[in-house]
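Notes follow the structure.
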Amino acid sequence: MKKLVRILAAEVAVIAVLAAALLLLILNPAKKEAESWIFADHAITDVASVHVENLFGSLDVSAQSGGYVIEGVPSELVDLEAFIDFLGRCSAVSALKRVDSDQRELAEYGLAEPSAQVSVTFRDGGKLALSLGDREPLSGSYYCAVDGEKGVYLLDEAWASRYLMAREQLISFYITPKLEVSSALSAIRDVTFSGGPLAEPVTIESVGAGDEQVKELARSFGAATHIVRGAGVYELDQTYGLTVLEPLCGMMAQSIAYYGLTGEQVDAMGFAQPDMKVEFDYKNGTQETEHYVLRFLKATEDGSYFYANAEGSGVIYIVERYAFFDLSYDKLLLRWFLSPLLMDVEGITVENGSEVYDFAIDQTDPKNPTVAMNGQEVDITLFRSLFRLLGSAAADGNYLGVQSAPEGEPSMRITYRYTGGKDDDVLELYPGGTRRVNVYVNGVCEFAMRDAFVQRVNDALTAIGAGESFDINW
């Protein structure tokens with residue numbers, strides 16, 4: 001979070017609007033009631049200092065270097081909305097009505113031993129000191145007395161509640177800023193999860209914000225927005241991806257356990273070796289990209305709550321169990337192994353034992369590409385059907401773990417050759433379990449699929465040679 005001094009400076013536009021509204025009120029004054037009790041009528045930025053004493057202790061605010069400092073609270077932890085509201089309640093104060101014309105019976109209103117005492121100093125040297133008493137049972141407002149004013153007054157609950165709060169209520173429980181764009185997929189650029197249920201770290205990378213290597217890898221999957229890097233490279237399943245990415249945006253703690261700690265103190269609590277770590281880049285709308293390293297330790301035996309620390313913050317939060325604590329690697333991966341766009345492919349080779357079918361694609365005219373199989377032109381409509389069939393190769397949903405290198409020759413090998421110099425993609429199918437083939441994508445196998453795919457491709461290849469249509473469902 002930007003330093004409070006800078007953020008408050010950004011409120012100039014709001015103050016300008018307030019100033020314009022004030023000018024209109026001056027030019028068109030409203031009719032005043034017979035009596036009114038205004039104790040302070042200043043702009044928020046006119047406040048020089050505030051001191052509050054209440055049942056929770058003391059709260060001290062002072063203007064420094066064009067901004068404000070809350071004693072004992074790091075500026076990056078301040079809840080700006082709550083703090084600006086608090087200053088507003090200190091800069092402009094008025095009573096709802098006067099309930100007693102003198103102060104001879106303060107005890108009757110709870111003012112002999114006040115529940116809160118407030119002292120405000122303004123930049124022009126003016127001061128305001130008031131005391132809060134009991135709550136008036138019917139209206140919910142509070143009795144108050146003001147130095148220099150005779151009588152006892154009723155103060156609106158919205159003002160009184162700010163004088164009665166603990167200092168911690170000005171602390172933001174947001175660990176990361178609230179999401180300002182439509183989707184977490186737009187805000188989270190690159191994120192790496194490690195620990196927890198994961199045997200190895202898993203990285204999700206944004207294609208749009210990625211470098212040339214990422215963009216080239218993504219061409220294997222057509223219009224992919226994110227890729228997943230584990231043992232291999234896959235397209236992200238956006239539906240499941242959102243369940244683990246959304247909690248990172250505007251992450252809010254249940255409470256704050258400690259703040260103001262040094263890095264050494266935080267690490268000594270166990271965060272040097274956390275139960276889980278999430279490292280990511282956060283591009284939240286027009287804001288600058290921020291890098292976060294969130295570390296988590298189990299806070300309860302059943303794992304329903306965790307301690308959380310944003311590395312470098314010196315704050316220990318308590319958070320609920322978010323979805324990413326139960327992240328399932330295989331659910332991140334879209335089922336389809338390879339799904340490039342036809343416009344990105346210049347050739348495909350299908351090897352089936354001793355048979356080799358080589359398709360060369362001529363896209364000189366992108367609207368009317370031509371295809372030759374082993375040197376002989378084939379019907380483009382039939383080839384498009386084959387292309388859809390090959391792109392339908394998909395995992396059966398059971399994660400096998402990373403398989404060892406295969407032995408012997410595959411039942412089928414499919415090689416995609418790309419335009420623009422991108423490396424080939426190779427899909428190799430080896431006999432697996434019952435009616436299954438293990439699928440190696442560029443040498444990595446973590447899934448199997450139904451072996452009916454192999455037979456369907458063989459039938460399609462034969463049909464294309466004969467110029468006949470074929471079924472692509474398997």
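Keep in mind the model is a prediction, meaning the values are calculated, not measured.
Neither side chain, Y418 nor E346, offers a donor N or O lying under 3.5 Å from an acceptor on the other. Side chains of S304 and E320: no donor on one and acceptor on the other come within 3.5 Å. Looking only at atom types and distance, the side chain of S220 has a donor-acceptor partner in the side chain of D425 under 3.5 Å away. Side-chain atoms of E136 and Y109 form no donor-acceptor pair, as typed in the model, at a separation below 3.5 Å. A donor-acceptor contact under 3.5 angstrom links the side chains of T419 and R219, judged on distance only. Defined by atom type and a distance below 3.5 Å, a donor-acceptor pair is missing between the side-chain atoms of S392 and W336.
Separation of atoms CZ (R384) and CG (L389) is listed at 15.5 Å; rounding is to 0.5 Å. Once rounded to the nearest 0.5 Å, the distance linking CD1 of I414 with CG of L429 reads 5.5 Å. In this structure, S141 OG and L154 CG are separated by 5.5 Å, a value rounded to the nearest 0.5 Å. To the nearest 0.5 Å, atom CD1 of residue I188 and atom OG of residue S186 are 10.0 Å apart.
Panel note: side chain S206, backbone G210; no donor-acceptor pair is recorded below 3.5 Å. Between the E200 side chain and the G195 main chain, no donor and acceptor come within less than 3.5 Å of each other.
Ring planes of F306 and F325: parallel class, angle under 30° (limits at 30 and 60°). Note: F280 and Y292 have parallel aromatic rings, judged against thresholds of 30 and 60 degrees for the angle between ring planes.
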(message) If you apply the rule ring-ring contact (aromatic ring centres under 6.0 Å, His included), what do you find for Y399 with Y329, and how did you get there?
(response) CA-CA 9 Å; Y399 183 63; Y329 164 65; 5.7 Å; yes

(message) Does Y142 form a side-chain contact (heavy atoms from CB on, under 4.5 Å) with D156? I'd like the steps, not just the answer.
(response) CA-CA 7 Å; Y142 285 77; D156 189 277; over 6 Å; no

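Between D211 and K215 there is no salt bridge, since no side-chain N of the basic residue sits under 4.0 Å from a carboxylate O of the acidic one. Salt-bridge check for D344 with R417: failed, with every basic side-chain N at 4.0 Å or more from each acidic carboxylate O. One finds no salt bridge joining K298 and D275 here, because no Lys/Arg side-chain nitrogen approaches an Asp/Glu carboxylate oxygen to under 4.0 Å.
Taking the side chain as every heavy atom from C-beta outward, R162 and V52 never approach each other to under 4.5 Å. Within the 4.5 Å cutoff, the side chain of Y163 has heavy atoms near those of the V93 side chain.
Listed by first then second residue, pairs satisfying side-chain hydrogen bond (donor to acceptor under 3.5 Å, both in side chains) with a partner in residues 187-196 read T192-T203, not counting sequence neighbours. Contacts classified as salt bridge (Lys or Arg N to Asp or Glu O under 4.0 Å) and involving residues 221-237 (residues at least two apart or in different chains) are given here: E205-R229.
Residues satisfying the side-chain hydrogen bond (donor to acceptor under 3.5 Å, both in side chains) criterion with D396, sequence neighbours excluded, are R436.
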